[in-house]
Amino acid sequence: MNKPAILALEDGSVFHGTAIGADGQTSGEVVFNTAMTGYQEILTDPSYSRQIVTLTYPHIGNTGINPEDVESSSIAAAGLVIRDLPLVASNFRSTQSLSDYLSSHNVIGIADIDTRRLTRILRDKGAQNGAILAGAEAEGADAEARALEAARAFPGLKGMDLAKVVSCTEGYEWTEGEWALGEGYADTTKEERPFHVVAYDYGVKFNILRMLASRGCRLTVVPAQTPSAEVMALNPDGIFLSNGPGDPEPCDYAIKAIQELLETETPIFGICLGHQLLALASGATTVKMGHGHHGANHPVQDLDTGHVMITSQNHGFAADEATLPDTLRATHRSLFDGTLQGIERTDKPAFSFQGHPEASPGPRDVAPLFDRFIEMMRARR
Ligand SMILES: NC(=O)CC[C@H](N)C(=O)O
């Protein structure tokens, strides 16, 4: 039997649909993602913490859930909104249905709503605070009013430091990812990967760690609040600043650590939140965007070569190009809205990218940035 669910937005919009996950109530910032594949990677991307994700692709759940395609160990999104859940999930790797997966992680989902109408609201008004009521919570004459109240009670992501909330609590070594012997490393065994990278976990996606490991990095992942001196005591060849949820601006511990690490001249590479933090640490400012960028087909231009890459994106904040100090150079720009997508320090071996070179989901056009980081570490030797 179908269970009811209600989605309400702070602007007063209300949608009635069907509950497809846990019963109860959830609230967060409602955003839309236009990727046609990758619902599992999206749900488990820690950067979606406190966000309710609506997927514009209409059929979600076709290939079920498998143990390989996760980007973290649990569902990070605060809720899922879709048009249609297929009756049958079919794939050779599938071990569970999307609906069971949501329920088993106690995550609320709503289906059978007009996701086009919802997306047009989010596109025109910007990301909205919202709430979903599911199951018994969505019943009763006052259900709409309660949903609206919950939507408006969500404080919004601006000013919210979530990196330290989702980060690991203790450091660990990452080993997954095939390391093929690289040029000039003919004697290197698998156990002796040539570069030691310390990766700050602000909400890191597994595929970033895999792509670094497969390029010959031995990885030590450390909690978001690890002081710079502890990182340097690990004797790294390079430092990686991960993606992560929330507003970069209140992450003062990270900004301070990055400023200190820049002084050591150790190569630094940042992705998404890591990019925004490098910008802040260098003296630029960040802004909250309207509906942000969430999808797998965003054109981004490399300003040095003119090349256009199709990229995976997931961000609601951006470093403001107009505020870049002399020590920061713009390297990439979005061809959708002209916002800044990449920077590099002119005086230090440090660079970063706003989108997702690790894809998951999405195209791999930007993967060469990982090679650039490797080259930076090699050059420093
Ligand atoms: N994927 C990310 O790292 C997102 C960064 C930041 N939370 C934003 O929304 O802009």
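Computation of the quantities below employed the complete heavy-atom set of this structure, encompassing side-chain atoms and omitting hydrogens, waters and symmetry-equivalent molecules. Note that ligands are numbered from 1 as they come in the structure, with each ligand's atoms numbered from 1 the same way.
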- Are side-chain N/O atoms of Gln341 and Gln354 paired as donor and acceptor at under 3.5 Å? no
- Heteroatom proximity flag, Cys272 to ligand 1, N/O under 3.5 Å: no
- Query: When the ring planes of Trp174 and Phe206 are compared, do they come out parallel, tilted or perpendicular, using 30° and 60° as the limits?
  - Reply: tilted
- Query: How does Pro245 reach ligand 1, if at all, at less than 4.0 Å between non-hydrogen atoms: by side chain, backbone, both, or neither?
  - Reply: backbone
- Item | Polar contact flag for Leu273 and ligand 1 (N/O pairs, less than 3.5 Å) | yes
- Is ligand 1 less than 4.0 angstrom away from at least one heavy atom of Gln354? no
- Item | Shortest protein contact, atom 9 (O) of ligand 1 (heavy atom only) | Gly316 N, 2.9 Å
- Can you list the ligand 1 atoms lying under 4.0 Å from a non-hydrogen atom of His356? 1 (N)
- Item | Atoms of ligand 1 close to Asn243 [distance to a heavy atom under 4.0 angstrom, numbered from 1] | 3 (O)
- Do Tyr172 and Asp201 meet the criterion of a side-chain donor-acceptor pair at a distance under 3.5 Å? no
- Query: With the threshold set at 4.0 Å, does a side-chain nitrogen-carboxylate oxygen contact exist between Arg83 and Asp114?
  - Reply: no
- Hey, do the aromatic rings of Phe336 and His293 have their centres closer than 6.0 Å? no
- Does NZ or CZ of Arg117 fall inside the cone over Phe15's six-membered ring, less than 6.0 Å from its centre and within 45° of the axis? yes
- Given the rule in the side-chain contact (heavy atoms from CB on, under 4.5 Å) test, do Phe351 and Phe269 qualify, once you have shown the distances and angles that lead to the verdict? CA-CA 5 Å; Phe351 72 107; Phe269 175 33; 3.5 Å; yes
- Among all protein heavy atoms, pick out the one at the shortest distance from atom 6 (C) of ligand 1; state its residue, atom name and that distance to 0.1 Å. Gly246 O, 3.4 Å
- Query: Do ligand 1 and Asp247 have nitrogen or oxygen atoms that lie under 3.5 Å from each other?
  - Reply: no
- Under 4.0 Å from any heavy atom of Phe317, which atoms of ligand 1 are there? 8 (C), 9 (O), 10 (O)
- Message: Against ligand 1, does His275 come closer than 4.0 Å with any heavy atom?
- Response: no
- Using 30° and 60° as the class limits, which term best fits the ring planes of Phe353 and His332: parallel, tilted or perpendicular? perpendicular
- Message: Can you see whether Phe195 has Arg218 sitting over its ring - NZ or CZ less than 6.0 Å from the centre and within 45° of the normal?
- Response: no
- Task: Give the single entry among Val31, Val287, Asn314 that approaches atom 1 (N) of ligand 1 most closely by any heavy atom.
- Result: Asn314
- Query: What do you reckon, does Ser47 have a nitrogen or oxygen under 3.5 Å from a nitrogen or oxygen of ligand 1?
  - Reply: yes
- Message: Quiz question: by atom type and distance under 3.5 Å, do the side chains of Asp337 and Ser334 form a donor-acceptor pair?
- Response: yes
- Message: Give me the residue, atom name and distance of the protein heavy atom closest to atom 3 (O) of ligand 1.
- Response: Gly244 N, 2.8 Å
- Message: I need the atoms of ligand 1 closer than 4.0 Å to a non-hydrogen atom of His315, numbered in the order shown.
- Response: 8 (C), 9 (O), 10 (O)
